[in-house]
Amino acid sequence: MSRQEALEQYSKALKQGQKNYKDCVLHGRYPYPQVLDEILDDSMVAGRVDMGVIEVPTEAITGTKTAGRRSAFAANFMPLLDTDSEFAYKWMDLCAAHLGDEGIRDPIRCYEYLGRFYVQEGNKRVSVLKSYDAPTVPGYVIRVIPLWSEDPAIQAYYDFMRSYQMTGLYRVYFSRAGSFVKLQAALGYEPDHVWTEQERQKFVSGFTYFRDAFKKLGGESLPVTAADALLVWLRVYPFEKLKTTPAAELVKTLSTVWADVKVLAHADPISVSTETPEQKEGAEPSTGLWGRLVKAVFPNHLHVAFINEHCPEESDWARAHDLGRQYLEAVMGSQVTVEILNGVQPGDGAVAAMEAVIADGAQVLFATTPPLIDACRKIAAKYPHVRVLNCSASMPYTAVRTYYCRIYEGKFITGAIAGAMSRDGLIGYVASNPIFGVPASINAFALGARLTNPRARIQLRWSCAEEDPMGALAAEGVDLISNRDIPTPDRVREPWGLCQLQPDGTLRSLASPYWHWGNFYVKIVRSIFSGGWDALSSKDGSRAVNYWWGMSSRAIDVLLSPELPDGVRHLVEILRQGVAGGSIEPFQREIISQDGTVRNSGDQWFSPEEILHMDWLCDCVDGSIPPFEALLPMSRSIVRLQGVYRDQIPPEKEGTLL
């Protein structure tokens, strides 16, 4: 390289440095490289590890060890000193060496802290290599290990240190703990699989293409990493697609899930919608100007498809949704065309089935079970004009809306019935699975029982962890037991709901919450007609939407046995009206959890998110939430998807990533 060429490279780098410096000053950011000695003191350090010489990613070099020569560089390590300075001459000498026969061979010396590198020796070498967009630089590295804390950044770093032992790569860095095991699963590896050199090279090759797409979409401005974004992308596309997809097409595929990438940066990624659309049921847009505009912009006919994992003849859950479908057709009439697919199994078959109904003209898809969420995500990415909904809770996907019901409101009422009818205050409760909303239902039932019987105690059992929890409770002398709820009120199978043990050993059903999915489906379709769907998109466009409606929407109610005493029946009606009208809130009272923590002093309202994500039990509940290892095999798949501790469960190879 000639001296003139080195000067031209320095001048180019100088302009980049000056631009970066001005931009930092304009936006109130520190304009020079960070100094590790000013960030860190020994009280924050758990230890230091000699990593030897490794390939250091240049994009991760963000500072210097000491303050010397700090003002010679902008924050991006580009030079700030004039071209006639001694510094510039030395920089140009290194530039010539970089492109000469020998190149820059001496490794820099640096410290690594929380995934970022701080140079002790070799600042100008780093600057030269960064000016040529060199991906890595050889460096002798000392890792500084921070003290463990509950800080999410520290937890993520400790997770990275474990993953580094398996990958040997600094590029695989996530902003959240627990993400690496999901990557291992997505790649088809066991959680503790150590990558071979071939596997490492294959990943780096594909990840380099992906990181370029991430940057083109503005990823560097987000508080997430390219590896975070890759996990989102891998929920829809296979890793092998990275190397075979042209750069422009790769950017396009990433843009289909970009909203979900941005959601990662949101402190509250899921918007829980607890209210039905504002338009009253049965109301039509006015005949004035606004009414004409609404009719011109929004559809007046919809093709709706229901995707059921099981057949209604074989599954009460599928039958409940099918009754909802029938109700939708009866109420909406010619305004909707309805298509039904039954027995659709999760996976590629579900994707193909959904594509088939879309080809037939379907504009709205209701997938009625959580395992279909993976197919829903792929369809939503491929067909952004189709409105896709999945019957599940707390899924962080902006393109797929999820829906469920606040069944805990009905449980509160049946708990009050149990307390009123209990002789000794000992009441049994059989819970299904430790998934979102179930602890809230247990607690609401317990609080309802305490409302009518201050001595009530709830004996908790789990059908997901033992074969005959009802029999076990009956054997212990418990004569009132809350069993599995009925999905529909027209098909009563005893023992259902709240049951009373009879002298002959049989169980008599007294009351049960139930779903009325038809009311939900009608209100959602009407919200699309009226513009309510799009209004919610505008309001919460940066977050995923989870419909979580309760008794006020008439999506759930409580079925009572004709044999229920009149006084108790009157009490139920008072509670039903209070809960539906908002004057009675099950959790607005003093609540102490099993560990003695005061969860509510009595004058607070829990947010919908706090209720949905409860993972604790009231102190009047005897029993605990079973760990994943204690679950029966048939329950493990749903808990992986919807479990209150799902983020702590190592994912299965090539399974659904959340």
Side-chain angles (χ1 to χ4, degrees), residues 235 260 263 266 268-276 307-309 317-318 320-321 324 346 365-377 380 387-412 431-445 464 484-485 487 513-517 519-521 523-524 536 540 543-553 555-556 586-587 606-616 625 628 631 635-649 656-658:
R235 293 168 185 157
D260 289 346
V263 159
H266 207 296
D268 214 1
I270 302 173
S271 171
V272 180
S273 175
T274 59
E275 302 297 329
T276 57
I307 316 297
N308 297 315
E309 187 178 350
W317 182 258
H321 285 278
L365 300 185
F366 290 108
T368 61
T369 52
L372 293 171
I373 186 67
D374 218 21
C376 288
R377 288 217 65 246
R387 296 172 175 90
V388 183
L389 299 97
N390 178 263
C391 189
S392 56
S394 195
M395 294 290 193
Y397 309 132
T398 59
V400 179
R401 295 193 182 180
T402 56
Y403 61 101
Y404 209 68
C405 292
R406 299 198 300 274
I407 206 72
Y408 75 84
E409 294 178 348
K411 288 290 193 179
F412 173 73
S432 56
N433 295 291
I435 60 177
F436 294 123
V438 168
S441 290
I442 298 169
N443 289 334
F445 180 89
C464 62
R484 183 178 181 180
D485 305 319
Y514 70 90
W515 287 264
H516 191 327
W517 291 114
N519 278 328
F520 174 83
Y521 291 131
K523 292 177 189 294
I524 288 296
L536 189 56
D540 291 300
R543 298 195 290 170
V545 174
N546 179 197
Y547 295 107
W548 199 40
W549 294 352
M551 297 187 75
S552 61
S553 70
I556 65 162
F587 294 108
F606 286 151
S607 69
E609 291 81 3
E610 289 174 314
I611 297 173
L612 182 60
H613 293 98
M614 277 184 182
D615 58 0
W616 50 269
I625 297 174
F628 185 75
L631 303 182
S635 297
R636 294 191 175 188
S637 60
I638 188 64
V639 176
R640 282 186 179 278
L641 278 173
Q642 297 276 262
V644 293
Y645 45 62
R646 69 182 180 192
D647 289 340
Q648 283 75 53
I649 304 172
T656 299
L657 303 177
L658 294 168

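Source: prediction; values computed, not measured. Residues: numbered from 1 along the sequence shown.
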**Student:** Are any of the side-chain nitrogens in Asp260 or Arg377 under 4.0 Å away from the carboxylate oxygens of its partner?
**Tutor:** yes

**Student:** So, the side chain of Trp317 versus the backbone of Thr368: is there a donor-acceptor pair under 3.5 Å, distance only?
**Tutor:** yes

**Student:** List the steps, then state whether side chain to side chain contact (heavy atoms under 4.5 Å, CB included) holds for Ser637 with Gln642.
**Tutor:** CA-CA 9 Å; Ser637 60; Gln642 297 276 262; over 6 Å; no

**Student:** Is a side-chain donor or acceptor of Trp548 paired with a backbone partner of Cys405 at a separation under 3.5 angstrom?
**Tutor:** yes

**Student:** So Ile435 and Val644, do their side chains get closer than 4.5 Å, heavy atoms only?
**Tutor:** no

**Student:** Which pair of non-hydrogen atoms, one from Ala431 and one from Val438, has the smallest distance, and what is that distance?
**Tutor:** CB-CG1, 4.2 Å

**Student:** Can you confirm whether Ile638 sits close enough to Pro370 that some side-chain heavy atom of one is under 4.5 Å from a side-chain heavy atom of the other?
**Tutor:** yes

**Student:** How long is the straight-line distance from CZ of Arg401 back to CG of Leu365, given to the nearest 0.5 Å?
**Tutor:** 14.0 Å

**Student:** Do Asn390 and Thr402 get their side chains close enough for a donor-acceptor pair, meaning under 3.5 Å?
**Tutor:** no

**Student:** Can you see which heavy atom on Ser441 is nearest to which on Ile407, and at what distance?
**Tutor:** OG-CG2, 3.3 Å

**Student:** To the nearest 0.5 Å, tell me how far Phe436 CZ sits from Glu609 CD.
**Tutor:** 12.0 Å

**Student:** Closest heavy-atom contact between Glu610 and Ser607?
**Tutor:** OE1-N, 2.8 Å

**Student:** Determine, step by step, whether Phe366 and His321 satisfy the side chain to side chain contact (heavy atoms under 4.5 Å, CB included) criterion, reporting the C-alpha distance in whole Å, the side-chain angles of both residues, the deciding distance to 0.1 Å, and the verdict.
**Tutor:** CA-CA 10 Å; Phe366 290 108; His321 285 278; over 6 Å; no

**Student:** Got Asn443 and Met614 here, is their nearest side-chain heavy-atom distance under 4.5 Å?
**Tutor:** yes

**Student:** Can you confirm whether or not the ring centre of Phe587 sits under 6.0 Å from the ring centre of Tyr408?
**Tutor:** yes

**Student:** CZ of Arg640 to OH of Tyr645: how many Å apart, nearest 0.5 Å?
**Tutor:** 10.5 Å

**Student:** With rounding to the nearest 0.5 Å, note down the distance linking CG in Leu641 to CD1 in Ile649.
**Tutor:** 9.5 Å

**Student:** Quick check: Phe520 with Tyr403 (ring centres under 6.0 Å apart)?
**Tutor:** yes

**Student:** Any donor and acceptor pair, going by atom type alone, linking the side chain of Asn546 with main-chain N or O of Ser394 inside 3.5 Å?
**Tutor:** yes

**Student:** With side chain to side chain contact (heavy atoms under 4.5 Å, CB included) as the criterion, how do Phe628 and Val639 come out once you've worked through the C-alpha distance, each side chain's angles and the decisive distance to 0.1 Å?
**Tutor:** CA-CA 8 Å; Phe628 185 75; Val639 176; 4.1 Å; yes

**Student:** Give a yes or no on whether the ring-centroid distance for Tyr404 and Tyr547 is below 6.0 angstrom.
**Tutor:** no

**Student:** Checking salt bridge (Lys or Arg N to Asp or Glu O under 4.0 Å) for the pair Asp485/Lys411: CA distance, chi angles, key distance, verdict?
**Tutor:** CA-CA 9 Å; Asp485 305 319; Lys411 288 290 193 179; 2.9 Å; yes

**Student:** Between Trp517 and Trp515, what is the ring plane arrangement, given parallel below 30°, perpendicular above 60°, and tilted in between?
**Tutor:** parallel

**Student:** What's the separation between atom OH in Tyr397 and atom SG in Cys376, rounded to the nearest 0.5 Å?
**Tutor:** 10.5 Å

**Student:** Would you sort out whether Arg484 and Ser432 count as a side chain to side chain contact (heavy atoms under 4.5 Å, CB included), showing the intermediate values?
**Tutor:** CA-CA 7 Å; Arg484 183 178 181 180; Ser432 56; over 6 Å; no

**Student:** So how far is it from Ile625 CD1 to Trp616 CH2, rounded to the nearest 0.5 Å?
**Tutor:** 10.0 Å

**Student:** Looking only at heavy atoms, which two atoms of Cys464 and Pro434 are closest? And how far apart?
**Tutor:** SG-CD, 3.8 Å

**Student:** Between Arg235 and Asp374, which heavy-atom pair has the shortest distance, and what is it?
**Tutor:** O-OD1, 3.6 Å

**Student:** Which heavy atom in Leu612 sits nearest to a heavy atom in Ala393, and how many Å separate them?
**Tutor:** CD1-CB, 4.1 Å

**Student:** Is it true that a side-chain atom of Arg406 and a backbone atom of Thr274 form a donor plus acceptor pair closer than 3.5 Å?
**Tutor:** yes

**Student:** Hey, is the main chain of Leu372 close enough, under 3.5 Å, to the side chain of Glu309 for a donor-acceptor pair?
**Tutor:** no

